[in-house]
J.: 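Please read through the structure below; I'll follow up with questions.
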Amino acid sequence: MEKINYQLKNRTDKVKLPTNLGFGQLFTDHVFEMDYDTVLGWHNPVIKPLENLSLHPATMFFHYGQAIFEGLKAFKNIDGDVVIFRGQSHLERLNRSAKRICIPEVDTEFVLNALKELIAVEKDWVPVNKGESLYIRPFILGVDTFLGVRPSQTYKFIIILSPVGAYYAEGFKPVSILVQDEYVRAVRKGLGECKTPANYASSLLAGEEAQKKGFTQILWLDGVELKYIEEVGTMNIFIRFKDEIATPKLTGSILPGITRDSVIQLLKSWDVNVTERLISIDELISEYKKGNVKGIFGTGTAAVISSVGRLTYKNETMLINGGNPDDLALRLFDEIISIQYGMVEDKFGWIFPVQTKEEFVK
Ligand SMILES: *Cc1c(COP(=O)(O)O)cnc(C)c1O
């Protein structure tokens, strides 16, 4: 692949981040972009100022949704170094999503390096306070100008960056969840395991209805029998039974979360019995009634760990651990955060350095 072409803005003002960053509202002022066509493959890599896209109204992805994305984070650790958490795993998942919807794969090593260069350009946008981070959103769109249904032959790959605030600004608050049995998110052998816009479009109505009823999130059941639990909104789910921590196995309709994988690896390293298996909603309810459900938590890049305080299915509401976060969820949260901010050793090789403090000084 060619060298990255730099078209940098002449920054006159120093970057000043607001105190309350929120999520996904503020964007840094450069992007990474590259193009694909069938002759050149991926080409024309460039880091350039963020600007609006200009696209023909017949651009294919507007009509048929041929698009994929990723969501990962960079942190400024306690030594002042910027690091990316599990970048390689996220890009490998991007390629798996790509394959499923006929998007050409990217060279993960090249993209990781491009990301590193982009973040180095935007280093002043990486927030420094604990809990804050730089959210990274790579995405790919099919951009042929054509109204027939077929895979596009040209694509655009873009990475945008957004400084985001601490998810738990008000503390580690357990969420209330509605088990959704009116709608389904995805089915096996469909698109459930891809990070593709269609999955989010299909979840919006159910999410809105649950919020009107006072719930924070929804727990999806499998799309065929509405019997097995799958995942929560944009998080995977773990149930702490008496002698086991179980998470739904990846059957094809569940998004294979990187945080899910990190949690499984951590629990194994702590000799906790963690299993990936089918968990029916009936099993969950009957175990709850026997007093065997000690905790429930969700996992995802945005919140890392989100403790579930209440779970409602039809007319039954389960109060989990008295509505309080369980100790294991808190321990996992602390451990992952500590790895991300460089407070404990990264035994798993999850941390990818972007630029050192010394390099910043130059
Ligand atoms: C992104 C996502 C997750 C969590 O994945 P992470 O890699 O842990 O961030 C879970 N479910 C859905 C539907 C998602 O989009």
Side-chain angles (χ1 to χ4, degrees), residues 23-24 65 67-75 84-98 100-101 108 112 115 133-140 162 164 167 175 177 179-180 183-188 190-207 210 216-223 228-239 247-267 274 276 296-308 329 332-333 335-337 339-340 348 350-352:
F23 181 85
I68 51 171
F69 66 93
E70 264 307 319
L72 63 161
K73 281 177 170 177
F75 302 86
I84 301 172
F85 186 68
R86 303 205 64 180
Q88 186 65 27
S89 306
H90 280 276
L91 294 175
E92 281 164 11
R93 185 172 68 189
L94 181 78
N95 273 345
R96 290 201 301 277
S97 297
R100 178 63 179 83
I101 51 176
T108 55
L112 201 53
L115 177 58
S133 58
L134 186 69
Y135 184 79
I136 303 161
R137 172 55 62 87
F139 59 106
I140 305 181
S162 172
V164 298
Y167 205 85
V175 296
I177 286 185
V179 180
Q180 180 53 253
Y183 308 99
V184 298
R185 186 189 90 98
V187 292
R188 275 175 219 174
L191 296 178
E193 61 188 353
C194 304
K195 261 184 140 59
T196 185
N199 289 331
Y200 306 86
S202 80
S203 75
L204 295 177
L205 181 59
T216 331
Q217 293 265 13
I218 4 181
L219 174 62
W220 297 103
L221 297 177
D222 80 90
Y228 298 102
I229 66 172
E230 298 228 308
E231 62 177 312
V232 179
T234 55
M235 292 189 292
N236 296 108
I237 189 156
F238 286 75
I239 319 276
T247 189
K249 72 171 180 183
L250 303 174
T251 52
S253 45
I254 298 173
L255 201 287
I258 307 295
T259 320
R260 173 187 182 277
D261 179 70
S262 305
V263 163
I264 292 172
Q265 289 193 48
L266 275 173
L267 289 173
V274 54
E276 298 173 66
I296 302 183
F297 59 89
T299 64
T301 294
V304 187
I305 305 286
S306 189
S307 182
V308 177
L332 284 162
F333 179 74
E335 186 71 13
I336 294 175
I337 290 282
I339 295 172
Q340 290 170 334
F348 301 92
W350 291 340
I351 295 299
F352 182 85

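These numbers come from the heavy atoms of this one structure, side chains and all, not from hydrogens, waters or symmetry mates. Both counts, for ligands and for their atoms, begin at 1 and track the order of listing.
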J.: Against heavy atoms of Met235, which atoms of ligand 1 measure under 4.0 Å?
T.: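 With Met235 as reference, the close atoms of ligand 1 come out as 10 (C), 11 (N).
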J.: Identify which of Glu193, Glu231, Arg260 has a heavy atom lying nearest to atom 13 (C) of ligand 1.
T.: Glu231
J.: Taking the side chain from Ser133 and the backbone from Phe75, do they hold a donor-acceptor pair closer than 3.5 Å?
T.: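 No; judged by distance alone, with no hydrogens or angles, the pair does not exist.
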J.: If only atom types and distance count, is the side chain of Asn199 paired as donor or acceptor with the main-chain N or O of Ala186 below 3.5 Å?
T.: no
J.: Under 4.5 Å between any side-chain heavy atoms of Arg100 and Ile68, yes or no?
T.: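 A side-chain contact under 4.5 Å is absent here.
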J.: Within the distance-only criterion (no hydrogens, no angle test), does the side chain of Lys195 pair as donor or acceptor with the backbone N or O of Ser97 below 3.5 angstrom?
T.: no
J.: Could you give the distance from CG (Leu255) to CZ (Arg185), rounded to the nearest 0.5 Å?
T.: 6.0 Å
J.: When you measure from the side chain of Arg86 to the backbone N and O of Ile351, does any donor-acceptor pair fall under 3.5 Å?
T.: no
J.: Can a non-hydrogen atom of Ala302 be found less than 4.0 Å from any atom of ligand 1?
T.: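 No, that is not the case, since the closest heavy atom of the residue is not under 4.0 Å from the ligand.
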J.: Backbone or side chain, does any N or O of His90 fall under 3.5 Å from an N or O of ligand 1?
T.: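 Between His90 and ligand 1 (N or O atoms, distance only) the closest approach is not under 3.5 Å.
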J.: Ligand 1 and Thr301, any nitrogen or oxygen pair closer than 3.5 angstrom?
T.: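 Yes, there is a polar N/O contact under 3.5 Å.
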J.: Should one rank Ile254, Asn199, Ile258, Leu72 by closest heavy-atom distance to atom 6 (P) of ligand 1, which comes out on top?
T.: Ile258
J.: What are the atoms of ligand 1, with element, lying closer than 4.0 Å to any heavy atom of Tyr200?
T.: 13 (C), 14 (C), 15 (O)
J.: Which atoms of ligand 1 sit under 4.0 Å from any heavy atom of Thr234?
T.: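 Atoms satisfying the 4.0 Å criterion: 2 (C), 3 (C), 4 (C), 10 (C), 11 (N), 12 (C).
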J.: What distance separates Asp261 CG from Thr247 OG1, expressed to the nearest 0.5 Å?
T.: 11.0 Å
J.: Which residue and atom name correspond to the protein heavy atom nearest atom 2 (C) of ligand 1, and how close is it?
T.: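 Answer, as residue, atom name and distance: Lys195 NZ, 2.5 Å.
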J.: Would you check if Met235 and Gln217 make a side-chain contact, meaning some heavy-atom pair closer than 4.5 Å?
T.: yes
J.: Can you tell me which residue and heavy atom of the protein come closest to atom 8 (O) of ligand 1, and the distance to 0.1 Å?
T.: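 Heavy-atom neighbour on the protein nearest atom 8 (O) of ligand 1: Thr259 OG1, 2.6 Å.
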J.: What protein heavy atom sits nearest atom 5 (O) of ligand 1, and how far off is it?
T.: Gly257 CA, 3.4 Å
J.: Please confirm whether Arg93 comes within less than 3.5 Å of ligand 1 when only nitrogen or oxygen atoms on both sides are compared.
T.: yes
